[in-house]
There are 2 protein chains.
Amino acid sequence: MTDARPDVDAGTAGPPAGGPPDGVRPDVTHPRPTLDSVAARAGVSRQTVSNVLNLPHLVRAETARRVSAAIAELGYRPHRAAQQLRTRRSRLLGLRVELSAGDKVFDRFLHALTEAADLRGYRVMLYTAGDDEAEIAAYTELRGRWDIDGVVLTTTHPGDRRTAHLAGAGLPCVTFGRPWDDSDHHPWVDVDGAAGTAEATRHLVGAGRRRIAFLGWPAGSAVGDDRLAGWAAAVAAAGLPAPEPGRSVNDPQEARRAADALLDTVRPDAVVCASDLLALGVLSALTARGRIAGRDVAVTGFDDTDIAALVGLSSVAQPLSEVASECARLVTELVEDPRRADTPERLLLAPRLVVRDSSSGPP
Amino acid sequence: MTDARPDVDAGTAGPPAGGPPDGVRPDVTHPRPTLDSVAARAGVSRQTVSNVLNLPHLVRAETARRVSAAIAELGYRPHRAAQQLRTRRSRLLGLRVELSAGDKVFDRFLHALTEAADLRGYRVMLYTAGDDEAEIAAYTELRGRWDIDGVVLTTTHPGDRRTAHLAGAGLPCVTFGRPWDDSDHHPWVDVDGAAGTAEATRHLVGAGRRRIAFLGWPAGSAVGDDRLAGWAAAVAAAGLPAPEPGRSVNDPQEARRAADALLDTVRPDAVVCASDLLALGVLSALTARGRIAGRDVAVTGFDDTDIAALVGLSSVAQPLSEVASECARLVTELVEDPRRADTPERLLLAPRLVVRDSSSGPP
DNA sequence: TGATCGGCTTGGAACGATCCAATCGTTGGT
DNA sequence: ACCAACGATTGGATCGTTCCAAGCCGATCA
């Protein structure tokens with residue numbers, strides 16, 4: 001349930017009592033309660049009921065009590081469509097549904113965002129788009145026809161034109177992901193990837209590792225460069241060497257090859273990886289040469305996917321619930337007070353390392 | 001955000017072209033076009049415009065043309081909230097967002113459903129619920145306040161009380177998943193698990209395997225029993241023995257143990273598994289004893305998850321796009337013509353085996 | 001020619017909420 | 001005791017669409 005208000009509903013206690021399978025009364029018979037019917041019952045006017053709900057300070061306590069009772073008895077709930085027609089607010093947030101790469105990250109974000117939005121009286125409405133241009137085209141429809149109040153964007157990248165369009169259309173938005181170029185005139189929430197790899201690196205240093213390599217994606221990826229930077233800074237801070245990083249795209253075969261090359265050339269006693277999939281490549285390469293992850297070479301991944309838990313891989317976990325609830329907060333605040341657009345908030349949240357066998361053996 | 005893609009900038013083609021970043025006109029100045037403004041422009045009445053859109057056969061061709069032109073010029077789009085207020089139809093479908101088990105199944109279904117619904121002029125709205133009772137409680141809010149037209153349920157199970165409640169409340173629904181007990185007075189779409197394991201079994205028979213075992217979940221799981229039945233039927237049809245099935249919950253360690261036991265006692269030359277995770281247990285057990293999957297023992301999984309593709313595991317894939325589009329069709333048809341509730345459609349779609357190395361070597 | 005019929009078209013009412021201006025009832029000041 | 005000021009409450013208008021019953025018009029038929 002969503003509402004924080006005193007809604008009765010009841011319906012719970014009573015046993016099914018046999019007979020037709022509805023503890024729920026078929027509301028078809030009873031017409032839906034409206035402001036007027038509540039007002040009639042409480043012996044006040046329509047507007048007073050509305051005030052009780054929206055501007056309680058205008059109503060005398062005694063009156064408010066009577067009205068609340070009537071609301072509860074009738075099971076009244078304001079009708080969104082009517083509110084929306086009058087106020088031009090839908091309390092609907094748009095979210096583009098992505099085919100995630102199998103890491104449950106988007107899934108979990110989606111779940112958390114739905115809950116966080118719910119707490120604020122908003123709902124998440126989905127849309128799809130083949131690419132950014134299609135998404136930009138979809139905004140017209142989403143705004144004009146469905147009247148969404150705001151948008152949550154999830155995969156920012158350099159040269160992202162979406163936020164500029166949204167700003168131009170006056171549609172509030174937040175991004176999960178920082179803007180990777182200058183255009184940051186919108187609020188955003190992101191996870192500090194560099195802090196994550198840095199924490200992983202420090203953990204390895206603390207475990208006695210001295211030759212810590214990095215396996216990342218090809219240079220030029222914003223997210224990837226960020227994660228690399230964290231490792232580089234941490235090894236430098238520890239006074240350790242920073243061997244040339246390995247590079248691979250996110251593909252099992254390719255990752256395995258890159259891991260092999262890295263093990264051969266660098267001969268590290270630990271590898272920090274930019275993703276769990278890359279880390280799996282390292283684990284596989286280690287197994288193939290009869291070496292044991294966590295004992296011979298420590299390995300860490302990134303994103304704390306199911307696979308990581310499955311194979312005992314230490315991994316950096318993103319605080320997705322927090323990200324989602326901040327996204328919900330920022331975008332709804334912007335909806336409810338557009339002046340905030342002038343001073344957008346930016347949040348960089350710290351991830352946290354989940355330690356498993358792959359990094360906890362003796363050095 | 002996280003994104004596993006190493007996205008190089010690209011920056012696409014078009015230069016920002018300088019100037020303010022909006023090809024979009026700020027509609028703030030021009031008030032939103034309404035039926036009335038379109039009517040004025042076309043020189044007809046409000047209702048005629050509405051008829052052009054909703055009941056075109058009532059309007060003379062020439063008039064319709066004029067009206068259409070006016071609609072196009074003004075960029076008019078009917079306002080959902082107003083329509084909804086009048087017609088009591090929101091064109092919103094509710095879907096409970098689940099924390100899936102890491103197999104991308106729910107993700108892909110979600111994406112496909114959003115697209116399929118879109119094609120029919122509907123949108124998917126998300127909600128969460130801790131358990132079925134909470135979900136049932138949420139219906140009141142979703143229906144009464146958000147006015148959703150229908151619900152798509154995704155994880156049916158024996159003793160599922162949700163559909164009965166929805167029927168009682170008169171809220172249309174479809175389930176992805178057949179009802180596992182008698183109460184099937186609602187349309188549903190499901191994937192024929194038995195057909196899937198049967199196909200996998202026949203494939204193994206065709207590849208020369210003669211001692212085909214089954215590794216499933218503990219008895220009593222509806223989905224699991226179904227998948228087992230397909231295997232049992234197929235081995236029987238081939239005149240092969242049906243060894244006692246192995247049983248394990250969906251846990252890596254446990255699956256490995258069960259696989260070991262199965263290999264020891266049954267000594268099969270092929271194993272059909274009820275899930276990819278169980279199949280991974282078999283693969284792991286094989287590797288540990290120096291035997292090669294696909295050559296010594298053929299293995300198939302179920303669900304065609306990423307992991308299956310990753311390790312070259314043959315797996316039964318569900319036709320999720322089709323499931324989603326049928327779900328969308330069934331629920332929207334029900335919304336638009338409630339009489340169909342008397343004769344609910346039921347669809348059992350056949351999955352398809354994706355053959356990989358784990359089952360394609362010589363017997 | 002005038003009444004009848006059907007096809008299009010029309011304006012008014014309704015959906016259920018909020019905004020607004022006006023009203024009512026108290027209280028306080030003089 | 002009267003008026004002003006203020007707080008609480010009221011009825012009417014409004015958002016943009018669809019439903020409804022009535023109206024207009026030209027064509028058909030007696």
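The sequence lines fix the lettering, A, B, ..., with proteins before strands; numbering per chain opens at 1. Please read these numbers as outputs of a predicted model, since none were measured by experiment.
- Regarding B:N51, its CG atom lies at a distance of 14 Å from the P atom of C:dG7, rounded to whole Å.
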Check the pair A:L85 / B:H79 against side chain to side chain contact (heavy atoms under 4.5 Å, CB included), numbers first and verdict last.
CA-CA 9 Å; A:L85 180 59; B:H79 190 79; 4.3 Å; yes
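- In this structure, the CG atom of B:L85 is 12 Å from the P atom of D:dT17, given to the nearest Å.
- Summarising the geometry, the separation between CG on B:D147 and C1' on C:dA17 is reported as 13 Å, rounded to the nearest angstrom.
- Looking at B:R162, its side chain never comes within 3.5 Å of a backbone N or O of B:D132 through a donor-acceptor pair.
- A distance-only check finds a donor-acceptor pair linking the side chain of A:D149 to the backbone of A:R91 [under 3.5 Å].
- Among pairs with a residue in residues 62-77 of chain B, those fulfilling salt bridge (Lys or Arg N to Asp or Glu O under 4.0 Å) read A:E141-B:R77, B:R41-B:E73, B:E62-B:R65, B:E62-B:R66, at least two apart in sequence or across chains.
- Taking the side chain of A:S45 as heavy atoms from C-beta on, and the options D:dT9, D:dC15, C:dT9, the nearest nucleotide is D:dT9.
- The CZ atom of A:R89 sits 22 Å away from the P atom of D:dT14 (whole-angstrom rounding).
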Checking B:Y122 against B:V335 for the side chain to side chain contact (heavy atoms under 4.5 Å, CB included) test, could you report, in this order, the C-alpha distance in whole Å, the side-chain angles of both residues, the deciding distance, and whether it holds?
CA-CA 11 Å; B:Y122 286 73; B:V335 168; 3.6 Å; yes
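- Rounded to the nearest 0.5 Å, atoms CZ (B:R346) and NE2 (B:H186) are 8.5 Å apart.
- In this structure, the CZ atom of A:R88 is 12 Å from the C1' atom of D:dT17, given to the nearest Å.
- Taking only side-chain nitrogens and oxygens, A:T34 never comes nearer than 4.0 Å to OP1 or OP2 of C:dG16.
- A donor-acceptor pair is defined here as one N or O able to donate and one able to accept, closer than 3.5 Å; no such pair exists between the side chain of A:T114 and the backbone of B:T128.
- Remark: B:N51 CG to B:R60 CZ distance equals 13.5 Å, nearest 0.5 Å.
- Screening A:L93, A:L95, A:L171 against A:I148 for a side-chain contact (heavy atoms from CB on, under 4.5 Å) leaves a single residue, A:L171.
- Atom NE2 of B:H79 and atom C1' of D:dT18 are 14 Å apart (whole Å).
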Strictly under 3.5 Å: I want the nitrogen or oxygen pairs between protein and nucleotides 23-28 of chain D, one per line.
none

With 3.5 Å as the limit, what N/O pairs link the protein to nucleotides 18-21 of chain C?
residue : atom : partner : partner atom : Å
C:dT18  : OP1  : A:N54   : ND2          : 2.8
C:dT18  : OP1  : A:Q83   : NE2          : 3.4
C:dT18  : OP2  : A:S50   : OG           : 2.8
C:dT18  : OP2  : A:N54   : ND2          : 3.4
C:dT18  : O2   : A:R86   : NE           : 2.8
C:dT18  : O4   : A:R46   : NH1          : 2.6
C:dC19  : O4'  : A:R86   : NH2          : 3.4
C:dC19  : N4   : A:Q47   : OE1          : 2.5
C:dC20  : N4   : A:Q47   : OE1          : 3.4

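- Look at CD on B:Q84: it is 12 Å from P on C:dG16, rounded to the nearest Å.
- The stretch residues 57-67 of chain B does not touch DNA chain D, since none of its heavy atoms comes less than 4.0 Å from the strand.
- From A:S321, atom OG reaches atom CG of A:L349 across 11.5 Å, with rounding to the nearest 0.5 Å.
- To the nearest 0.5 Å, the span separating CG on A:L92 from CG on A:L142 amounts to 9.5 Å.
- Legend: residues meeting side chain to side chain donor-acceptor pair (under 3.5 Å) with B:R108, ordered by chain and number and at least two apart, are absent.
- Direction change of the helix axis from one end of the helix from C:dT1-D:dA30 to C:dT30-D:dA1 to the other is 60°, with five pairs defining each end axis (rounded to 10°).
- Atom CH2 of B:W146 is separated from atom P of C:dA17 by 14 Å (rounded to the nearest Å).
- Put simply, CG on B:D36 and OG on B:S45 are 9.0 Å apart, with the number rounded to the nearest 0.5 Å.
- Residues B:Y127 and B:M125 have side chains not in contact (no heavy-atom distance under 4.5 Å, counting atoms from C-beta outward).
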